[in-house]
Amino acid sequence: MRKNIVKVRGGIGDITKADVNTRIQDNLYLAVNSEWQKDAKIPADRSEIGINTILDMRIEKRMMEDLDEIADGKQEMPKLANFDKGVALYKLAKDFAKRDADGAKPIQADLKKLLALKDFNEFNKQAAKLGEVYPLPFGFHVEADMKNTKVNVLQFAGPGTFLPDTTSYEQEDAEKLLNILKKQTFALLKLADVSEDEVKDLVEAGLAFDKKLSKVVKSTEEWSDYPAAYNPYSISDFEAKFKSFKMAELLAEVLPEKPERIIVEEPRFLDHADELINSDNFDEIKGWMLISFINSAAGVLSQEFRETAFPFSQALSGQSELTPQARHAYYTANGSFDEVFGIYYGQKYLGEDAKKDITSMIKNMIKVYENRIRDNDWLSEDTKKKAIVKLNALVLKIGYPEKEEKIYDLLQVDPDKSLYENEKELGKVVVKYNLGRLTKPVDRSEWDMPGNMNNACYDPQRNDITFPAGILQAPFYDLHQDRAANYGGIGATIAHEISHAFDNNGAKFDEFGNMKNWWTDQDFAEFNKRTKAVIDIFDGLQYGPGKVNGKQVVSENIADLGGLTCAIQANRAENGDMKELFKNYARQWAQLQRPEAIKTEVAVDVHAPQPTRVNIPSQCQDEFYEAFDVKSSDGMWLDPDQRVTIW
C-alpha cells in the first residue's frame with residue numbers, strides 16, 4: 001500500500017520533469033501538464049513559470065501600462081483618493097537617471113549614524129529612533145486579540161534570519177550562502193565608501209549573531225501552528241525578562257499608551273532575549289543591523305547598488321537576471337499603495353457580472369459545505385451545529401474593498417526627495433499607524449489582500465474569506481468557460497478557503513474569530529487523527545532537491561482536500577463533466593521552478609509543492625477513480641482505507 005503512495009509522490013520518476021506519455025491514471029498532474037511543461041521556459045528574471053506566474057505577469061502588465069500612461073498624462077488620473085501618491089512613488093522608483101546620479105548619497109547620513117553607534121548604552125538610549133530606520137533584533141505589532149477579537153493587543157516576536165528558515169542552517173550549503181551574503185555586504189559597503197578593513201570584524205560579528213538567532217527563533221513549521229503564537233504575559237513580567245536592555249523605556253516612547261499585557265509569539269526567543277541583547281553582544285547586534293540595513297537599502301538606490309545586492313537573492317531563487325527596472329518600480333509603488341492600486345484594478349478589470357457570478361458560486365459552495373457537515377459521519381450533532389453556525393457567519397470579501405484603509409490618507413510622497421528618503425518616511429508612518437491601533441477598536445472591514453493580487457485567503461480572527469479580483473480570471477475562473485472547469489478552478493479555491501475555517505488552526509476559532517474550543521473531546525480526537533493522516537501522506541515527499549515537511553504544510557493540505565471534495569459535490573449537483581473538473585484542477589497548478597527556488601520554497605512555504613497539490617487530493621476522491629476508470633494496478637491508485645477525508 002505504502003508503495004503506491006511513494007510511486008505517485010515521486011511522479012513515476014521526477015514529477016518536476018515533463019513526460020508526455022504519462023496517462024492520467026498514472027499521474028494526473030504530468031498527464032495534463034507535460035505538453036505545456038516540456039516547452040515552458042522560465043524567464044531569466046524569474047524563479048519559476050506556471051499558471052500563477054502567468055496570471056501575476058498579466059496583472060503586472062496591465063498595471064504597469066496603465067501607470068505609465070497616467071504618469072505621462074496620456075490617461076486621466078483616476079478619481080480615487082491617494083492614487084496620485086502611488087503614481088508619484090512609481091515615477092520616483094522609475095527615475096533611474098536620478099537614482100544613479102545620487103548613488104550612495106541618500107543613505108550616507110543614516111549609514112554614518114549606525115557606524116558611529118559606540119556602545120550598548122547608546123543603543124539603549126536611542127533604540128526607539130534607531131528602530132525607525134534600522135531593524136532591531138525584535139519586533140512589535142498590533143493585531144486583534146485572538147481571544148477577544150473586538151480589541152487590539154500588542155504582540156512581540158523575534159527577528160527573521162538571513163537564511164530562509166532556521167532549518168536552512170542545517171543544510172550543507174548554509175556556509176556557502178552566508179559567504180555570498182558576506183561578500184555582497186562588503187561590496188555594498190564599498191559602494192557606500194566604507195572599506196572592508198573598517199567593518200570586517202563588524203560584519204563577522206553580525207553573521208555570528210544571526211547564527212545565534214537561528215537557534216532560538218521559530219522555524220516555519222513552528223509558525224504554521226498559528227494558535228501557538230498566543231502566549232499572554234503581563235507587561236511587567238515581559239519587561240522583567242530584559243535585564244540589560246531597557247525595554248520599559250522603549251515601550252513608553254513608541255506606544256500611545258502602556259498596555260497591561262502583551263502577547264508573546266515566540267516564548268523561546270523571549271527566554272533567550274537577555275543573553276542575546278546585552279552589552280557583551282553589542283558588536284554582534286551592531287554588525288547584524290549593518291548587514292540588514294545595507295542589503296535592504298540597496299534595492300531603492302542606484303542600479304549599481306541593485307546589481308551588487310543581487311547575488312544572495314540569486315543564490316536563493318536561481319534567477320539568472322535581476323528584476324527589470326520597470327517592474328521593480330511597480331513592485332516598489334505597489335508595496336506602499338497596494339490597496340489603492342487594487343481598487344483601481346478591480347473596478348477596471350473585474351466587472352459587475354463576474355462579481356455577481358462569483359458571489360453566487362461562493363454562496364452555493366457554502367451551502368454545499370453545510371450539507372457536507374450535516375451528512376458528516378464522524379462528527380457529533382453538537383459539534384455539527386456549532387460548525388454550521390461558524391460557516392454561516394463567514395464574511396465574504398470579493399473583488400476589492402469599497403473604501404481604502406485610513407492609513408493611505410497619512411502616507412505622503414515628496415517628489416523632491418530621493419526614493420530612499422520617501423521609503424524611509426513611509427515606513428515610519430506604517431509602524432506608527434500600526435502601533436496606534438492599540439487604543440482603537442478592531443476594524444473588521446479591513447482587507448488582508450489587495451484587489452490586484454492573484455491569491456485568496458481566510459482570516460481566522462475575522463472569520464472572513466477574501467477573493468481579490470486578481471485571482472478571478474482564467475483558468476481559475478472565466479464567466480464564459482464551462483461550469484465544471486470553473487468548479488475545478490475557482491470552485492475548489494473557494495471551498496479551499498472555507499476549509500481553512502476548519503483546518504488544524506481555524507478549527508480552534510469560533511464564528512466571531514475568537515480562539516475557543518467548540519468541539520467535543522471525542523470529535524476533536526478524531527479530527528486530530530485525520531489531521532495526522534494528512535501530515536503522514538505528505539511528509540518526507542521528495543520534490544526536486546527538497547523534501548516536504550508534513551507538519552509545516554498540513555493546514556493548506558487540509559484545505560486542498562476539503563476544497564476539491566466540495567467542488568466535486570457542487571459539480572455533481574449540476575451534472576457537470578467530472579473529467580473536465582479534474583483536468584482544470586490539474587491545469588491551474590502547472591508550474592516549472594528552478595532548483596534553488598524549490599529548496600527555498602520547501603523551507604519557507606506552508607503550501608506543498610503545486611504538483612503534489614494536484615495528485616494527492618485527487619487520489620483521495622472516489623470520483624477521480626470513477627471518472628478515469630483508475631485500477632489498482634495504476635500509479636494513481638490508493639486503497640480506499642488510505643484515502644484521507646476530513647471535510
Side-chain angles (χ1 to χ4, degrees), residues 103-124 126-127 130-131 133-139 158-166 168-217 245 272 275-302 304-317 322 420 424 600:
K105 201 179 347 176
I107 64 165
Q108 284 299 330
D110 288 335
L111 182 58
K112 286 174 182 174
K113 183 179 179 181
L114 179 56
L115 290 172
L117 196 65
K118 65 181 181 182
D119 56 30
F120 191 73
N121 186 46
E122 273 197 1
F123 174 74
N124 246 327
Q126 299 178 29
L130 289 170
V133 182
Y134 321 100
L136 295 176
F138 51 79
T161 54
F162 292 151
L163 294 186
D165 186 54
T166 59
S168 303
Y169 291 79
E170 301 162 12
Q171 303 296 322
E172 60 182 27
D173 62 348
E175 284 305 313
K176 178 184 174 185
L177 290 169
L178 289 169
N179 281 329
I180 292 171
L181 177 62
K182 179 167 70 172
K183 184 179 178 182
Q184 173 176 301
T185 300
F186 286 136
L188 289 168
L189 289 167
K190 184 180 178 182
L191 275 182
D193 296 322
V194 178
S195 70
E196 183 174 330
D197 289 342
E198 187 181 344
V199 291
K200 188 172 188 292
D201 291 344
L202 207 51
V203 171
E204 293 287 358
L207 291 167
F209 189 70
D210 174 63
K211 287 188 180 180
K212 289 180 180 178
L213 290 172
S214 73
K215 291 176 169 57
V216 295
V217 297
F245 182 75
H272 289 274
E275 68 188 56
L276 286 166
I277 307 167
N278 57 54
S279 57
D280 291 340
N281 282 349
F282 172 70
D283 284 345
E284 291 189 355
I285 296 167
K286 181 178 173 180
W288 178 85
M289 291 170 67
L290 177 64
I291 295 169
S292 302
F293 171 73
I294 194 66
N295 282 280
S296 174
V300 290
L301 297 174
S302 67
E304 188 176 12
F305 265 98
R306 289 185 66 228
E307 289 171 356
T308 305
F310 183 50
F312 185 59
S313 169
Q314 184 177 37
L316 295 176
S317 68
L322 185 63
Y420 168 79
K424 182 173 73 172
T600 299

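Values below: all heavy atoms of this structure, side chains included; hydrogens, waters and symmetry mates excluded. Counting from 1, the numbers follow the sequence of the chain as shown.
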Q) Given Glu204 and Lys182, is the side-chain contact (heavy atoms from CB on, under 4.5 Å) satisfied, shown in steps? A) CA-CA 8 Å; Glu204 293 287 358; Lys182 179 167 70 172; 2.9 Å; yes
Q. Where do Leu117 and Phe282 land on the side-chain contact (heavy atoms from CB on, under 4.5 Å) test, with the steps shown first?
A. CA-CA 10 Å; Leu117 196 65; Phe282 172 70; 4.0 Å; yes
Q: Kindly indicate, with the supporting measurements, whether the criterion side-chain contact (heavy atoms from CB on, under 4.5 Å) is fulfilled by Phe186 and Val199.
A: CA-CA 8 Å; Phe186 286 136; Val199 291; 4.2 Å; yes
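Distance check: Leu189 CG to Gln184 CD gives 10.5 Å after rounding to the nearest 0.5 Å. Here the CZ atom belonging to Phe209 is positioned 10.0 Å from the OG atom belonging to Ser292, to the nearest 0.5 angstrom. A distance of 9.5 Å separates CD of Gln126 from CG of Asn121, quoted to the nearest 0.5 Å. The distance from atom OG1 of Thr185 to atom CG of Asn295, rounded to the nearest 0.5 Å, is 4.0 Å. Taking CG from Leu301 and CZ from Arg306, the interatomic distance works out to 11.0 Å, rounded to the nearest 0.5 Å. Considering CG of Leu290 and CG of Leu202, their distance stands at 5.5 Å, rounded to 0.5 Å.
Electrostatic pairing of Glu275 and Lys212 does not count as a salt bridge here, judged by no charged N lying under 4.0 Å from a carboxylate O. Taking the charged nitrogens against the carboxylate oxygens, Glu196 and Lys190 have no contact shorter than 4.0 Å, which rules out a salt bridge.
Between Tyr420 and Asp110, the shortest heavy-atom distance links the atoms OH-OD2, 2.6 Å. Val217 and Gly158 make their closest contact through CG1-CA, 4.5 Å (heavy atoms, listed as atom of the first residue, atom of the second, distance). A pairwise comparison of heavy atoms in Pro159 and Leu213 identifies CG-CD1, 3.7 Å as the closest pair. When all heavy atoms are compared, the tightest approach of Leu115 to Lys286 is O-NZ, 2.7 Å. The two residues Phe245 and Ile277 have their closest heavy-atom pair at CB-CG2, 4.0 Å. Of all heavy-atom pairs spanning Leu136 and Leu130, the tightest one is CD2-CB, 4.4 Å.
Residue-environment remark: CD (Gln314) exceeds the threshold of 12 foreign heavy atoms within 6.0 Å.
Remark: the backbone N or O of Phe293 is not paired with any side-chain donor or acceptor of Ser296 at under 3.5 angstrom. A distance-only check finds no donor-acceptor pair linking the side chain of Tyr169 to the backbone of Ala174 [under 3.5 Å]. A donor-acceptor pair under 3.5 Å is formed between the side chain of Glu122 and the backbone N or O of Lys118. One N or O on the side chain of Gln108 and one on the backbone of Ala192 form a donor-acceptor pair closer than 3.5 Å. A donor-acceptor pair is defined here as one N or O able to donate and one able to accept, closer than 3.5 Å; such a pair exists between the side chain of Asn281 and the backbone of Leu276. A donor-acceptor contact shorter than 3.5 Å is absent between the side chain of Thr308 and the backbone of Ala187.
In this structure, Pro164 and Leu316 have side chains that are in contact, with non-hydrogen atoms separated by less than 4.5 Å. Taking 4.5 Å as the limit, every side-chain heavy atom of Ile285 sits out of range of all side-chain heavy atoms of Asn278.
Residue pairs meeting the side chain to side chain donor-acceptor pair (under 3.5 Å) criterion with at least one member in residues 170-181, sequence neighbours excluded, are Asp173-Lys599, Glu175-Lys211.
In this structure, Phe162 has its ring center no closer than 6.0 Å to that of Phe312.
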